[in-house]
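Input: a single structure, listed below in structure tokens.
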Amino acid sequence: IKMTHTLKYFYTGSFGVPNFPEFVAVGLVDDVPIIRYDSNTRRAQRKQEWMKEVTADDPQYWSKSTQTLLFTQQTLKRNMEIAEQRFNQTRGVHIIQKMCGCEWDDETGEKNGFDQFGYDGADFISFKLKEGIWVAGKQEAVKTKQKWDQDEAEIEQQKIYYTQVCIHWLQKYVNYGKSSLMRTELPSVSLLQKTPSSPVSCHATGFYPDRATLSWRKGEEELHEDVDHGEMLLNPDGTFQMSVDLKVSSVPPEDWSSYKCVFQLSGGKEITRTLDKTQIRTNWGKPGVRGDGAEDPSNTAVIAAVAVVVLALVLIAVVGFLLYRKKKGERWRWKQSFNPSLCFGFSLNDKRRRKR
């Protein structure tokens with residue numbers, strides 16, 4: 001299976017948000033959390049058992065991570081104050097977030113990096129790695145963009161970090177966690193319908209990873225009209241679910257057998273479910289069967305599970321709803337007390353970049 005691996009760090013700073021730390025940092029490999037830090041604990045914490053292996057290469061890894069994230073916490077707080085001045089705001093509820101990291105295709109060797117900054121839910125400034133330029137998402141960021149674009153030495157160091165240092169650590173992490181990161185799990189696929197006049201929903205749940213497609217076809221032709229794709233959602237156990245609806249009111253009964261729902265995990269075998277009334281689980285009729293041929297739990301259990309997942313996602317969105325964008329300033333000077341796998345803080349102050 002072709003695999004593009006990613007290493008991402010999300011740094012969120014906030015003012016005035018009750019019952020939430022002023023700073024939260026989360027690192028993820030292939031969207032799996034590996035490290036977490038917040039301003040309450042002030043300590044970098046391991047989120048995966050296999051991350052214990054990192055100390056074999058660097059016994060000071062966790063203490064360095066803590067120092068790096070403490071530095072980033074302080075820088076992000078200064079940036080929040082600078083952003084308030086830029087937007088001519090008074091102290092209130094504000095959120096600033098940085099997302100940085102890299103991706104690597106283990107088949108083609110292609111590499112890419114990203115460094116993005118957001119403020120109060122809107123893009124602020126970001127770095128285009130291949131072009132070596134900054135992009136202002138707001139008028140208030142134009143001055144910063146112009147200043148940073150002139151710093152050719154810093155831009156070169158950005159490129160080195162995201163194409164070499166970050167990729168090096170990403171490959172290390174993938175090797176540490178390959179037994180879990182490279183796993184695949186097939187879903188159960190069911191046909192659901194709320195009322196006789198409702199669309200038929202093809203629901204796949206329990207698959208991993210999230211590189212998957214779900215579609216309705218007539219014969220071998222994929223349908224786009226009368227089809228509604230739902231979002232991919234994360235299950236509590238770390239697997240994924242998604243659904244795609246088909247409006248069957250326009251499908252003649254004699255044509256039902258030519259319609260099928262098709263699930264495919266990237267590079268894997270297709271799982272199909274033919275549009276068949278006897279296989280549709282409903283609120284008014286006999287339950288159908290699961291995608292693996294076994295009888296599913298009741299609709300009530302499924303609805304409850306979906307509700308739990310949706311609620312969890314809403315909470316996650318509230319906690320880390322921001323987007324990301326690049327902050328700037330600090331020219332990087334690698335210090336032994338810092339963890340070089342973490343992309344850390346730049347100041348939004350235009351006057352001078354502090355070396356990192």
Side-chain angles (χ1 to χ4, degrees), residues 3-14 17 20-55 57-58 61-70 72-73 76 95 97-104 113-116 118 166-185 206-212 231-241 308-324 339-345:
M3 181 75 74
T4 299
H5 299 284
T6 59
L7 173 60
K8 300 176 183 176
Y9 293 100
F10 292 87
Y11 304 135
T12 302
S14 62
V17 180
F20 189 69
E22 288 188 352
F23 176 76
V24 176
V26 180
L28 306 98
V29 173
D30 293 349
D31 297 325
V32 175
I34 62 168
I35 184 173
R36 187 186 187 279
Y37 169 99
D38 67 54
S39 53
N40 291 342
T41 64
R42 300 173 76 89
R43 184 167 63 92
Q45 298 175 310
R46 170 174 50 85
K47 301 303 292 181
Q48 299 296 324
E49 188 68 18
W50 48 263
M51 279 294 287
K52 284 183 176 179
E53 295 188 36
V54 75
T55 55
D57 290 334
D58 183 358
Y61 177 91
W62 294 106
S63 61
K64 289 180 180 180
S65 296
T66 296
Q67 290 300 314
T68 304
L69 292 168
L70 179 60
T72 304
Q73 172 186 332
L76 210 60
I95 295 183
Q97 190 171 29
K98 171 187 174 74
M99 189 278 281
C100 49
C102 53
E103 61 183 18
W104 160 64
F114 31 85
D115 200 336
Q116 307 176 323
C166 184
I167 297 294
H168 169 74
W169 280 94
L170 170 56
Q171 292 170 341
K172 273 180 174 285
Y173 295 142
V174 169
N175 185 57
Y176 295 149
K178 58 187 175 184
S179 60
S180 60
L181 293 172
M182 305 295 281
R183 84 181 196 272
T184 59
E185 294 183 25
F207 61 90
Y208 190 92
D210 60 353
R211 288 171 290 278
E231 293 184 30
M232 187 176 296
L233 303 176
L234 180 66
N235 287 325
D237 64 358
T239 62
F240 296 89
Q241 64 168 292
V308 169
V309 173
V310 171
L311 178 58
L313 288 170
V314 169
L315 291 174
I316 291 171
V318 170
V319 169
F321 69 83
L322 217 16
L323 77 215
Y324 6 126
N339 178 352
S341 76
L342 298 166
C343 44
F344 53 97

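Residue numbers count from 1 along this sequence.
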Checklist entry - Taking it one step at a time, do Y11 and L69 satisfy side-chain contact (heavy atoms from CB on, under 4.5 Å)? => result CA-CA 9 Å; Y11 304 135; L69 292 168; 3.6 Å; yes
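- If you take CG on D38 and CD on Q45, they are separated by 7.0 Å, rounding to the nearest 0.5 Å.
- In this structure, T4 and D30 approach most closely via the heavy-atom pair O-OD1, 4.1 Å.
- A donor-acceptor contact under 3.5 angstrom links the side chains of W50 and S180, judged on distance only.
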Next on the checklist: side chain to side chain donor-acceptor pair (under 3.5 Å) for E103 and T6? Distances and angles first, verdict last.
Outcome noted: CA-CA 4 Å; E103 61 183 18; T6 59; over 6 Å; no
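- Rounding to the nearest 0.5 Å gives a distance of 8.5 Å between CZ of F240 and CG of N235.
- Note that CD of E231 and CD of Q241 are 11.0 Å apart. Values are rounded to the nearest 0.5 Å.
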Next on the checklist: The test is side-chain contact (heavy atoms from CB on, under 4.5 Å); show your working for D115 and K98 and say whether it passes.
Outcome noted: CA-CA 7 Å; D115 200 336; K98 171 187 174 74; 2.7 Å; yes
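- Considering all non-hydrogen atoms of both residues, G238 and Y208 come closest at O-CD1, 3.5 Å.
- Residues Q48 and Y176 have side chains that never bring a donor and an acceptor to within less than 3.5 angstrom of each other.
- For the pair R46 and Y61, the minimum side-chain heavy-atom distance is 4.5 Å or more.
- Across T66 and R42, no two heavy atoms sit closer than the pair CG2-O, 3.5 Å.
- Between P21 and S39, the shortest heavy-atom distance links the atoms CB-OG, 3.5 Å.
- Atom-to-atom distance recorded for I34:CD1 and L28:CG is 7.5 Å, nearest 0.5 angstrom.
- No side-chain heavy atom of V32 sits under 4.5 Å from any side-chain heavy atom of K47.
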Item to check | Trace of the side-chain contact (heavy atoms from CB on, under 4.5 Å) decision for V54 with W62 | outcome: CA-CA 9 Å; V54 75; W62 294 106; 3.9 Å; yes
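- By the neighbour-count criterion of 12 heavy atoms within 6.0 Å, atom CZ of R43 is sparsely surrounded, having that number or fewer from other residues, nucleotides or ligands.
- Cysteines C343 and C166 are not disulfide-linked, with SG atoms at least 2.5 angstrom from each other.
- Between Y9 and I35, the shortest heavy-atom contact is CE2-CG2, 4.1 Å.
- At least one side-chain heavy atom of R36 sits under 4.5 Å from a side-chain heavy atom of V24.
- Panel note: side chain S65, backbone N339; no donor-acceptor pair is recorded below 3.5 Å.
- Looking at N175 and K172, their side chains never come closer than 4.5 Å, going by heavy atoms from C-beta outward.
- Between the side chains of Y37 and T72, no donor-acceptor pair of N or O atoms lies under 3.5 Å.
- Nearest heavy atom pair, residue F114 against residue C102, reads CZ-N, 3.5 Å.
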